[in-house]
Amino acid sequence: MKLYVACLLIVSGFTGVFAQTPKNVESTLEILDIQTGKRTVVLQEKRHFEAPNWHPTDHYLLINSNGLLEKVSLTGQQLGIIPTDFANQCNNDHLIAKNGKWIALSHNDPNAAKSPGGSSRIFTVPIAGGIPQLITPNNPSYLH
């Protein structure tokens, strides 16, 4: 029988606006077995993290926190930050390629032209990290 699961992210105690750095916040990452309804807490911390994504082959989750991309095992072990060179202001938009070898991410790029919509542009980087390659020169561009 195939196991179907979903990732849930719960942020509580939020005082602020989502576009700002949250204060007094606790984030909880949960895995939900959609067949049984059983929820398992994977990671719970007094900090803001967001946007969990499954790695399709290596069985870990990728989250965004403080502008960086972090790997978290399915049991909650923090596996480290993926080095993304200058892209250290990642927002909550990222995805892992189906083959598991690349990440596309949205980065609030200080080198982008001034725009009323913001400075976010989309880049790709190898899953192990590296120097991001610009995909969308126009901004704002968000990966959803």
Side-chain angles (χ1 to χ4, degrees), residues 1-110 112 115-136 138-144:
M1 173 170 48
K2 189 170 184 176
L3 176 66
Y4 292 94
V5 293
C7 270
L8 302 174
L9 182 65
I10 300 166
V11 179
S12 61
F14 187 77
T15 57
V17 178
F18 275 102
Q20 299 173 347
T21 303
K23 296 181 179 34
N24 302 320
V25 66
E26 182 174 279
S27 300
T28 304
L29 179 61
E30 298 182 7
I31 296 175
L32 170 67
D33 181 324
I34 60 174
Q35 288 182 328
T36 67
K38 181 182 179 206
R39 294 166 55 163
T40 304
V41 173
V42 173
L43 182 65
Q44 185 171 33
E45 293 187 343
K46 292 186 184 286
R47 68 177 175 124
H48 182 247
F49 55 81
E50 59 192 359
N53 279 290
W54 291 94
H55 188 283
T57 57
D58 290 342
H59 307 293
Y60 63 80
L61 301 167
L62 187 63
I63 60 172
N64 177 61
S65 183
N66 296 316
L68 302 175
L69 299 178
E70 298 180 33
K71 297 188 315 183
V72 178
S73 76
L74 300 182
T75 60
Q77 179 183 5
Q78 293 170 310
L79 303 174
I81 293 172
I82 294 177
T84 54
D85 197 62
F86 63 84
N88 59 5
Q89 295 179 38
C90 299
N91 53 56
N92 66 340
D93 301 326
H94 59 267
L95 63 84
I96 302 170
K98 191 174 183 178
N99 67 8
K101 296 181 180 181
W102 291 90
I103 304 169
L105 58 91
S106 296
H107 164 61
N108 294 321
D109 189 353
S115 165
S119 64
S120 182
R121 298 198 291 179
I122 299 172
F123 296 81
T124 59
V125 66
I127 195 74
I131 299 172
Q133 300 299 306
L134 182 63
I135 300 298
T136 57
N138 296 331
N139 61 293
S141 296
Y142 296 94
L143 184 66
H144 289 285

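Computed from a prediction, not measured in an experiment: that's the story for all the values here.
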Discussion item. If the test is side-chain contact (heavy atoms from CB on, under 4.5 Å), which one of Q133, H107, H94 qualifies with F123?
Written reply: H107
Discussion item. When you compare the side chain of F49 with that of V72, does any pair of heavy atoms fall below 4.5 Å?
Written reply: no
Discussion item. Once rounded to the nearest 0.5 Å, what's the spacing between atom CG of L105 and atom CD of Q89?
Written reply: 12.0 Å
Worksheet entry | Nearest heavy-atom neighbours spanning P110 and N108 | CD-O, 3.3 Å
Worksheet, complete the sentence: Residues at least two apart in sequence or cross-chain that pass side-chain contact (heavy atoms from CB on, under 4.5 Å) with K98, listed by chain then number, are none
Under 3.5 Å, side-chain donor or acceptor atoms of residues 75-82 against the rest of the protein: list the pairs with distances, not counting sequence neighbours.
{"from": "T75", "atom 1": "OG1", "to": "S73", "atom 2": "OG", "distance (Å)": "3.0"}
{"from": "Q78", "atom 1": "NE2", "to": "E45", "atom 2": "OE2", "distance (Å)": "3.1"}

Item to complete: First locate atom CG of N66, then atom CG of N88, and finally report the distance between them rounded to the nearest 0.5 Å.
Response: 11.0 Å
Worksheet item: When rounded to the nearest 0.5 angstrom, what is the spacing between CD1 in I127 and OH in Y60?
Response: 3.5 Å
Response to the item:
With sequence neighbours left out, the residues meeting side-chain contact (heavy atoms from CB on, under 4.5 Å) with L74 are I31, W54, H59, L61
Item to complete: Provide the closest heavy-atom pair for S115 versus N139 in the form atom of the first, atom of the second, distance.
Response: CB-ND2, 3.4 Å
Worksheet item: Roughly how far, to the nearest 0.5 Å, is CD1 of I131 from OG1 of T84?
Response: 11.0 Å
Discussion item. D93: which residues meet the side-chain contact (heavy atoms from CB on, under 4.5 Å) condition with it, sequence neighbours left out?
Written reply: N91, S106, Y142, L143, H144
Response to the item:
Distance col, row N138:CG vs S120:OG, nearest 0.5 angstrom, shows 12.5 Å
Practice prompt. Mind jotting down which residue pairs meet the salt bridge (charged side-chain N to carboxylate O under 4.0 Å, His left out) criterion with at least one end in residues 53-78? Sequence neighbours excluded, please.
Written response: R47-E70
Item to complete: Please identify each residue that fulfils salt bridge (Lys or Arg N to Asp or Glu O under 4.0 Å) with K38, with sequence neighbours left out.
Response: none
Worksheet item: Can you list the steps and then say if E30 with T28 is a side-chain contact (heavy atoms from CB on, under 4.5 Å)?
Response: CA-CA 6 Å; E30 298 182 7; T28 304; 3.7 Å; yes
Worksheet entry | OG1 on T136 to CD1 on I122, rounded to 0.5 Å | 4.5 Å
Item to complete: Let me see the working for L62 and I96 under side-chain contact (heavy atoms from CB on, under 4.5 Å), right down to the final yes or no.
Response: CA-CA 8 Å; L62 187 63; I96 302 170; 3.9 Å; yes
Fill in: Least distance between heavy atoms, A87 atom then P132 atom
CB-CG, 3.7 Å
